[in-house]
Novice: 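I'd like to ask some things about the structure below.
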Amino acid sequence: MPENWRDDLPAEHGGGKRGTLWERVFRSPAQRARLRDMSSFDENDAFEGASLAARAMAARPAPYLDDLNPAQREAVEALDGPVLMLAGAGTGKTKALTARIVHLLNTGRARSNEILSVTFTNKAAREMKNRVGAMLGQSIEGMPWLGTFHAICVKLLRRHAELVGLKSNFTILDRDDQIRLLKQLIAAEHIDEKRWPARQIAALIDGWKNRALTPEKLPAADAGAYNHRGGEIYRQYQTRLRELNAVDFGDLLLHMVVIFQTHPDVLEQYQRWFRYVLVDEYQDTNVAQYLWLRLLAGGHRNICCVGDDDQSIYGWRGAEVGNILRFEKDFPGAKVVRLEQNYRSTPHILAAASNVIRGNEGRLGKTLWTEAEEGEKLRLIGHWDGEEEARWIGEEIESLQGGTRGVRPMSLDEMAILVRASHQMRAFEDRFLTIGLPYRVIGGPRFYERLEIRDAMAYFRVVVSPDDDLAFERIVNTPKRGLGNVAQQKIQTTARAHGVPLVQGARMLLAKKGLGGKGATELAQLLNGIDRWGRMTGDADLTHMELAEIILDESGYTAMWQNDKTPEAPGRLENLKELVKALEQFENLQGFLEHVSLIMDNESDDGGAKVSIMTLHAAKGLEFPAVFLPGWEDGLFPSQRSMDETGLKGLEEERRLAYVGITRAEELCTISFAGNRRVFGQWQSQMPSRFIDELPEEHVEVLTPPGLYGGGYGAARPSAGIEARAAQADAYNSPGWRRMQARAREWGTSQPRESRTTVIDLDAVSSFTVGERVFHQKFGYGAVTAIEGDKVEVDFEKASTKKVVARFLTSPDDIPF
DNA sequence: GTGCCCTTAATTTTT
DNA sequence: TTAAGGGCAC
């Protein structure tokens, strides 16, 4: 594999090997093109890229420019030097970005393999490739350096792996592998995994890598995290990864940054090769990505970053809004172009979104405008509880299908429900199942993250590279082979003692009869299988799909699910079939694995119109004629946790999330909240989201909440416990209640005149002091011993010391007896 | 070694 | 409430 790497680079740097084998194996050009697009090493790209550029140049006139509005055109034509394209929601960002690539080719500034364009998701990369192809009027070949940060870093790192102590065929670990590895290290360090979960250190390490911190550079404060062992575990983890010849996702970037920083010659090469750099969704870059970009663009400064500071919603996973806010300082003399003409939403929707986002400090600032007709105002409605909200939205969706209230009839495909947290989806799914409304959930566990798929892939991994220890560990006792903890321990010990991979260790263990009975027989059989399947990879008479099936059948994996009687089993078998089908598009198992470790998405849909349900995060970049935004309640949205953990910063990110939500809507946007909601099985009263106050009234229509006037209002009320009664006293003084009242007066609409809604003032209950006496429904009385964000450690009188969420604690004084 | 029960905790998630 | 993971008993 590594010998192909030069082909992505300009001819003077190598290349030359033309794909003879390639052509022999794949007869149709279309098939070759598809494969090239998917596999990670692109033979011929340099060659085809150059010819594509040449052809593009021949077509001098630039009709794609005529399609652009003045701002877009300005951003497209400013080819040299740093450019920041501030692209508001729905302002034709991708169009401008693709036009810019085409323009670079068309003017002969760069050949297609000299342009580095990075995105965050594979989906975005795919779309860009397609659109560049469409604009050029030919297929998508020849943009070898258009891809995600991670995909591009894999390609680069494979070439320079030895500079960071890896071999170029390193494997990429996913989250599961990462956790498994860390658990081993934690156990070896005799750290109590219950008190210090592996997930926690994994999150810390991810965070450090996002900030481009190697173990050596880790500040003392960080190293002291995780019970003073964080830095040490991190160091061990990195060492272990090197031993395994593996990297995690964070490493892909981190290693490249380190290489660029410590090998100026390498960096210089790439600075010359990538004559133009383009970055999509710049507001989502983390420190490592930022450094990587700054290093690469450091010479010529031909960097164009596209983004929208108002849509930065990934701070919790390391994104730094600061990167985009600071752009002009980082690149003095940068040209900043604002795309403000919106082609998506009505004026009402834009006005509402703008007014909400105005509440944030330190924005770069944009004013979205549109030529669209006025359309419907946003609609706001309150409900008694979450179930009623789901019921109402279900009915509303059905009436929208037929056309209602002056809105044209809409297909279910044109409607979406966007929630803050995925647990909110349940109410809708339940409801829609009962009324038979077709829906699809977007996001959620991805195809390649499913248990059976990961197991199957672990089998493939072991077959392709028998020293993949993590994969071997995963499948050694799946299906059950009588190789439990003890047997696995023995294999580990033997392998460690001889410094060999587990598969070999297992062999040695068998050879010296270190394992008896059923386990020994089964293990021998498995090892034989791995051997045999491995040899079959070279068998010309066997397609890799057939091989995959053989592996899954002979290993007993398929049988395991066939014998499984749980309701999920048939679905899992179905998924396995799909997996084998997916293999078809690849040259061999190896190529497939390579691809899959980076590309974890799969959207299969059986057609038919459906309402989409997804989180606000998943909705970024999408648009729908009709959007429902349920659950606008303080604590849920904005999320209490977000505010507790990061304070104002968190609140502002939540506000951006609100902005993203509203701006997904093209024609109709409906916001709703519920007065009561079941949270962790307990009824809780909610107050309307503070973001509702930020909606400009002249653009909002308040719908009369029907449920609040019909009979059974009191009857439907869930039984109020002590907590609820305690809070009732304060209900009429709570900010939420006052807000509702004020609203109703102001807007002259009929908000509930009388409500038995019991509102707990969340601000009041979450502030405790050390030493304070508190009450917990389950554990009784206790004294606060420590406070950590929204978690409070309490020494309970009738139970041990526990960490509990502050929300579940009350001050004893509040409870009227 | 497997299976069941109990404890525990509970946003957002791409690569 | 529910889901997942760990510990314990068979």
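Predicted model, so just to flag it, every value in this text is computed and none were measured. Numbered from 1 within each chain, the chains take letters A, B, ... in sequence-line order.
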Novice: Just how far, in rounded Å, is P of C:dT2 from CG of A:Asp430?
Specialist: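 After rounding, the reported distance stands at 9 Å.
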
Novice: Taking B:dT11 as the reference, what is the distance to C:dG6 when you measure between their C1' atoms (whole Å, please)?
Specialist: 25 Å

Novice: Among B:dT2, B:dT15, C:dA3, which nucleotide sits nearest the side chain of A:Arg426?
Specialist: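 Within the option list, the nearest is C:dA3.
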
Novice: Would you mind telling me which of A:Gln682, A:Glu387, A:Glu389 makes a side chain to side chain donor-acceptor pair (under 3.5 Å) with A:Arg677?
Specialist: A:Glu389

Novice: Taking the minimum atom-to-atom distance to the side chain of A:His617, which one of B:dT2, B:dG1, B:dT12 wins?
Specialist: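 From the listed options, B:dT12 comes nearest.
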
Novice: Once you round it to whole Å, what is the distance between C1' of C:dG5 and CD1 of A:Ile179?
Specialist: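 In whole Å, C:dG5 C1' lies 13 Å from A:Ile179 CD1.
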
Novice: Tell me the interatomic distance from A:Trp316, atom CH2, to B:dT11, atom C1', rounded to whole angstroms.
Specialist: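 To the nearest whole Å, that distance equals 8 Å.
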
Novice: In whole angstrom, give the distance that lies between atom CG of A:Asn286 and atom P of B:dT15.
Specialist: 14 Å

Novice: Within the structure shown, what part of the strands sits under 4.0 Å from A:Asp284 by heavy-atom distance: base, sugar-phosphate, or nothing?
Specialist: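 The residue A:Asp284 makes no contact with any strand.
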
Novice: When rounded to the nearest Å, what value does the distance between P atoms of B:dT12 and C:dG5 take?
Specialist: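 Pairwise P distance, B:dT12 against C:dG5, rounds to 16 Å.
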
Novice: From the options C:dT1, B:dT12, B:dT2, select the nucleotide whose nearest atom is closest to the side chain of A:Ala421.
Specialist: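 Closest nucleotide to the A:Ala421 side chain: B:dT12.
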
Novice: Counting heavy atoms from C-beta on, name the nucleotide in B:dT2, B:dG1, B:dT12 closest to the side chain of A:Val486.
Specialist: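 Comparing B:dT2, B:dG1, B:dT12 against the side chain of A:Val486, the answer is B:dG1.
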
Novice: Is the distance from OP1 or OP2 of B:dT2 to the nearest side-chain N or O of A:Asn477 less than 4.0 Å?
Specialist: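 It does, given that an N or O in the side chain of A:Asn477 lies less than 4.0 Å from OP1 or OP2 of B:dT2.
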
Novice: Does this structure show an ion pair linking A:Asp177 with A:Arg180, if we count only N-O contacts that are shorter than 4.0 Å?
Specialist: yes

Novice: Indicate, yes or no, whether a donor-acceptor pair under 3.5 Å links the base of B:dT12 to the side chain of A:Arg420.
Specialist: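 Present.
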
Novice: Please check: side-chain N/O of A:Asp284 versus main-chain N/O of A:Ser312, any donor-acceptor pairing under 3.5 Å?
Specialist: no

Novice: Once you round it to whole Å, what is the distance between P of B:dT8 and CZ of A:Arg195?
Specialist: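 From A:Arg195 CZ to B:dT8 P: 13 Å.
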
Novice: Do A:Tyr226 side-chain atoms and A:Trp196 backbone N/O form a donor-acceptor pair below 3.5 Å?
Specialist: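 Looks like yes, one N/O pair under 3.5 Å.
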
Novice: Could you check whether A:Thr121 gets within reach of a base, just the sugar-phosphate, or nothing at all, counting any heavy atom under 4.0 Å?
Specialist: sugar-phosphate

Novice: Compare the minimum distances between each of C:dA3, B:dT15, C:dG6 and the side chain of A:Thr148, then state the nucleotide with the smallest one.
Specialist: B:dT15

Novice: From C-beta outward on A:Tyr314, which listed nucleotide comes closest to its side chain: C:dT1, B:dT13, B:dG1?
Specialist: B:dT13

Novice: Reckon A:Lys620 touches a base, only the sugar-phosphate, or nothing at all at heavy-atom distances under 4.0 Å?
Specialist: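 A:Lys620: no heavy atom of the nucleic acid under 4.0 Å.
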
Novice: Between the side chain of A:Asp385 and the main-chain N/O of A:Asn676, is any donor-acceptor distance below 3.5 Å?
Specialist: no

Novice: Under 4.0 Å from OP1 or OP2 of C:dG6: is there any side-chain N or O of A:Lys183 that close?
Specialist: yes

Novice: Should A:Thr615 be listed as having a side-chain N or O under 4.0 Å from OP1 or OP2 of B:dT11?
Specialist: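 For A:Thr615, the contact criterion (side-chain N or O under 4.0 Å from OP1 or OP2 of B:dT11) is not met.
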
Novice: Would you kindly compare A:Ala487 and A:Glu654 by the position of their nearest DNA chain B nucleotide and give the one closer to the 5′ end?
Specialist: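 Of the two residues, A:Ala487 wins.
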
Novice: In this structure, how many angstroms lie between the P atom of C:dT2 and the CD atom of A:Gln682, rounded?
Specialist: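 Going from A:Gln682 (CD) to C:dT2 (P), I get 13 Å.
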
Novice: Would you say the base of B:dA9 stacks on A:Phe680 (centre-to-centre below 5.5 Å, plane angle below 30°)?
Specialist: no

Novice: Could you walk me through whether A:Leu296 and A:Leu293 satisfy the side-chain contact (heavy atoms from CB on, under 4.5 Å) test, starting with their C-alpha distance in whole Å, then the side-chain angles of each, then the deciding distance to 0.1 Å, before giving a yes or no?
Specialist: CA-CA 5 Å; A:Leu296 277 172; A:Leu293 287 167; 5.8 Å; no

Novice: Please give, in whole Å, the distance from B:dT15 P to A:Glu281 CD?
Specialist: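 That distance rounds to 12 Å.
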
Novice: Counting only side-chain nitrogens and oxygens, does A:Asn122 get under 4.0 Å of the OP1 or OP2 atom of B:dT15?
Specialist: yes

Novice: Rounded to the nearest angstrom, tell me the gap between atom CD in A:Glu387 and atom C1' in C:dT1.
Specialist: 12 Å

Novice: Select one nucleotide: of C:dT2, B:dT13, B:dT15, the one nearest the side-chain heavy atoms of A:Arg317.
Specialist: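 Within the option list, the nearest is B:dT13.
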
Novice: Ignoring backbone atoms, test whether A:Ser642 places a side-chain nitrogen or oxygen under 4.0 Å from the OP1 or OP2 oxygen of B:dT12.
Specialist: no

Novice: If each of A:Lys480 and A:Ala618 is mapped to the nucleotide of DNA chain B with the nearest heavy atom, which maps nearer the 5' terminus, i.e. the 5' end?
Specialist: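 Looking at DNA chain B, the more 5' nearest nucleotide goes with A:Lys480.
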
